[in-house]
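Scope of the values below: all heavy atoms of this structure, side chains included, with no hydrogens, waters or symmetry mates. All values derive from a computational prediction rather than experimental measurement. First the proteins, then the strands, lettered A, B, ... as listed; each starts at 1.
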Protein chains: 2
Amino acid sequence: MSTSNQERTGQRIKSLERGFDIVECLHEEGALTVSELAEERDIPTSTAHIYLKTLADLGYVVGESGRYELSFRFLEHGGHVRQRSELYHLARSEVDTLAEVTNEVSALGVPENGKRVLLYKTEGAEAVYDNPPIGEYTHMHWTALGKAILSEFPREAVTEIVDRHGLPSRTHRTIDTEAALFDELETTRERGYALEDEERWDGIRSVAVPILDEESVIGAISVSGPKHRFEHEWVESELLEHLTRSKNVISVRLRHQ
Amino acid sequence: MSTSNQERTGQRIKSLERGFDIVECLHEEGALTVSELAEERDIPTSTAHIYLKTLADLGYVVGESGRYELSFRFLEHGGHVRQRSELYHLARSEVDTLAEVTNEVSALGVPENGKRVLLYKTEGAEAVYDNPPIGEYTHMHWTALGKAILSEFPREAVTEIVDRHGLPSRTHRTIDTEAALFDELETTRERGYALEDEERWDGIRSVAVPILDEESVIGAISVSGPKHRFEHEWVESELLEHLTRSKNVISVRLRHQ
DNA sequence: CAGACCGTCCAATATCGTTGGACGGTGGTG
DNA sequence: CACCACCGTCCAACGATATTGGACGGTCTG
């Protein structure tokens, strides 16, 4: 599962793993009672009870009349981590600008643990579909941001990521073989931008360009919207101009620290 | 310390508590090596090592050449929790509007665990000072958002919060006695808005109004900026009109689900 | 009023977290 | 070039503690 590059040698703290497993369960399921969690994870209710109480004591879950859910303490840490990110500060105004001039949704993504994290996004005036939330962690291969980033990764790194996370499908257009992914990444690298055409959500297209810091990718910026507004001509003539301009602005800022 | 309302009876998982203690250490200190963490928390390096490796395996910390720091997985959970918040969606556009018409920083805050969480903020054109990040968890008594929320809390709840978190000072204007806090909260309740005058940061003022859902506070919205732009007259005549209008818009939306 | 379900608590057992110390690698210094 | 200091990693033995089934009391439903 994750025995690829991360050395799995040595001892681990099982209760900590279990604790975060419960956190992830609450993430997926929302508010749960003690017995619902116990059933969900197939553990005794007494165990579920002790873990939930511990997490509640620590403030990481809050209990509303018997139901427990994740608290905003995760947002506290997450917001703080983002605040420390240099790229976030340098790219923010450009993402805003992109959303304004295109009227679509613009976003900033970075790689982490072989996935793509949404660090920031701005919704333009015509953005209607429900956007993913800040912090969204998802597979690289079905997003424009992810493909833009992967296209600048060394081949072994891509292989490793595919081994680790696989290539699940979301729509009939999702890239689902390693060979097809490498083809796509080569095309992406050659033309300088990534295009995602309903590979994750039906009816949605995205265009993204990678952001480099001294030869290595550190993230990407994108614009997404309904397919019918993302005609080839508009993308090539107008959208890409905005995207590359923003990319260049950010690159310059990076060079000047 | 926190033995007030939260029942501290029953068993807890100590390794989970220690794990989150390490998370909080990394939050405060930033990237740390194994031995730095060991010294910081006064634990053997072998113990620190196992915990960091466990957290790294789980993806909650990332190690850059021997230094470990919190990953964006916290932002993943935090962003997701926020996305589930109804108030966030109902209030967002109004916070944007407030920032636009005032040119200052506007924010949405909610109570959790006796503190105030920053759920959303927008920076107006003239916002210059470094804003707190999304998710910021801080004491209620030295923020306008917090005082607006507290002003609608029952007396016992306020006492309990003061017992739990105390009334630390940040500037010479910070409210530091329970009596003064109750006076301030009464004034706030009577005039319908909270005013924070350099009680947390020198040179910064904030004005906030509470948001009620069927008689009980669920949050507050605010506008903050440099003291010299927050003259009494402007606040009373113009700012408050915007704030109460936004508050009413949000209240109406809440009533219609 | 009975029955089902739930959260909480308890006590016994065995698991597993804890620790000092050993080892090998690295970087700095005389 | 050799020495030393420091650091991360691993190991094994001990003792702490996570785990579990079951008991208890409360609440809601029929």
Side-chain angles (χ1 to χ4, degrees), chain A residues 1-26 29-71 113, chain B residues 1-26 29-71 113:
Chain A
M1 201 174 182
S2 65
T3 333
S4 42
N5 66 328
Q6 296 282 42
E7 302 110 49
R8 258 233 146 267
T9 62
Q11 195 184 345
R12 299 299 130 107
I13 307 294
K14 304 217 167 139
S15 334
L16 192 51
E17 292 179 330
R18 182 175 267 194
F20 275 102
D21 181 52
I22 288 171
V23 165
E24 280 157 32
C25 185
L26 292 174
E29 307 293 328
L32 292 179
T33 63
V34 170
S35 42
E36 283 167 353
L37 172 67
E39 191 177 2
E40 189 70 36
R41 286 305 201 241
D42 201 36
I43 51 177
T45 57
S46 44
T47 305
H49 174 246
I50 296 170
Y51 273 86
L52 284 175
K53 269 278 181 287
T54 304
L55 288 169
D57 260 18
L58 293 167
Y60 289 93
V61 313
V62 285
E64 306 267 329
S65 64
R67 304 196 84 88
Y68 294 87
E69 59 186 328
L70 297 187
S71 80
N113 292 324
Chain B
M1 197 172 189
S2 64
T3 334
S4 43
N5 67 328
Q6 296 282 42
E7 302 111 47
R8 258 234 149 265
T9 62
Q11 195 184 347
R12 299 299 130 107
I13 307 293
K14 304 213 167 142
S15 342
L16 193 51
E17 292 179 330
R18 182 174 269 196
F20 275 101
D21 182 51
I22 288 172
V23 165
E24 279 156 33
C25 186
L26 292 174
E29 306 293 327
L32 291 180
T33 64
V34 170
S35 42
E36 284 167 353
L37 173 66
E39 191 178 1
E40 189 71 37
R41 286 307 200 240
D42 200 37
I43 52 177
T45 57
S46 44
T47 305
H49 174 246
I50 297 172
Y51 273 87
L52 284 176
K53 268 278 181 287
T54 305
L55 288 169
D57 260 19
L58 292 168
Y60 289 94
V61 314
V62 285
E64 306 266 330
S65 63
R67 303 196 85 86
Y68 295 87
E69 60 186 328
L70 297 187
S71 80
N113 292 325

* Between dC7(D) (P) and Tyr68(B) (OH): distance, integer Å -> 14 Å

* Compare every heavy atom of Gly63(B) with every heavy atom of Tyr68(B), then report the nearest pair and how far apart it is. => CD2-CA, 4.0 Å

* Counting only side-chain N and O atoms of His49(B), is one of them less than 4.0 Å from OP1 or OP2 of dG8(D)? -> no

* Asked: Under 3.5 Å, side chain of Ser71(A) to main-chain N/O of Gly59(A), donor-acceptor pair present?
  -> yes

* Does CD belonging to Glu29(A) count more than 12 external heavy atoms closer than 6.0 Å? -> yes

* State, to the nearest 10°, the angle formed by the axis through the first five base pairs of the helix from dC1(C)-dG30(D) to dG30(C)-dC1(D) and the axis through its last five. => 40°

* Structure fact -> Counting primed atoms, P, OP1 and OP2 as sugar-phosphate and everything else as base, the B/S/- map of nucleotides 12-24 of chain C against protein heavy atoms under 4.0 Å is ----SBBBBB---

* Structure fact -> For Gly19(B) and Leu16(A), the nearest pair of non-hydrogen atoms, with its separation, is CA-CD1, 3.8 Å

* **Nearest-angstrom distance from the residue atom CD of Glu36(A) to C1' of dC6(C)** => 11 Å

* Structure fact -> For Glu36(A) and Ala31(A) the tightest heavy-atom approach is OE1-O, 4.1 Å

* Asked: Whole-Å distance between dG8(D) C1' and Glu39(B) CD?
  -> 16 Å

* **Nucleotide dC10(C), atom P - distance to NZ of Lys53(A) in whole Å** => 14 Å

* Structure fact -> Tested for side-chain contact (heavy atoms from CB on, under 4.5 Å) against Leu52(A), the lone hit among Thr33(A), Leu32(A), Val34(A) is Val34(A)

* To do: Go through Phe20(A) and Phe20(B) one step at a time and tell me if the ring-ring contact (aromatic ring centres under 6.0 Å, His included) criterion holds.
  => CA-CA 10 Å; Phe20(A) 275 102; Phe20(B) 275 101; 5.0 Å; yes

* Report the residue from Asp57(B), Leu55(B), Leu58(B) that forms a side-chain contact (heavy atoms from CB on, under 4.5 Å) with Arg12(A). => Asp57(B)

* Asked: Can you tell me how far P of dT19(D) sits from CZ of Arg41(A), to the nearest Å?
  -> 15 Å

* Asked: Residues in side-chain contact (heavy atoms from CB on, under 4.5 Å) with Ile50(B), at least two apart?
  -> Gln11(A), Ile13(A), Thr54(B)

* Asked: Is there a side-chain polar atom (N or O) of Ser35(B) under 4.0 Å from OP1 or OP2 of dC6(D)?
  -> no

* Taking CG from Asp42(A) and P from dG21(D), how many angstroms apart are they, rounded to a whole number? -> 10 Å

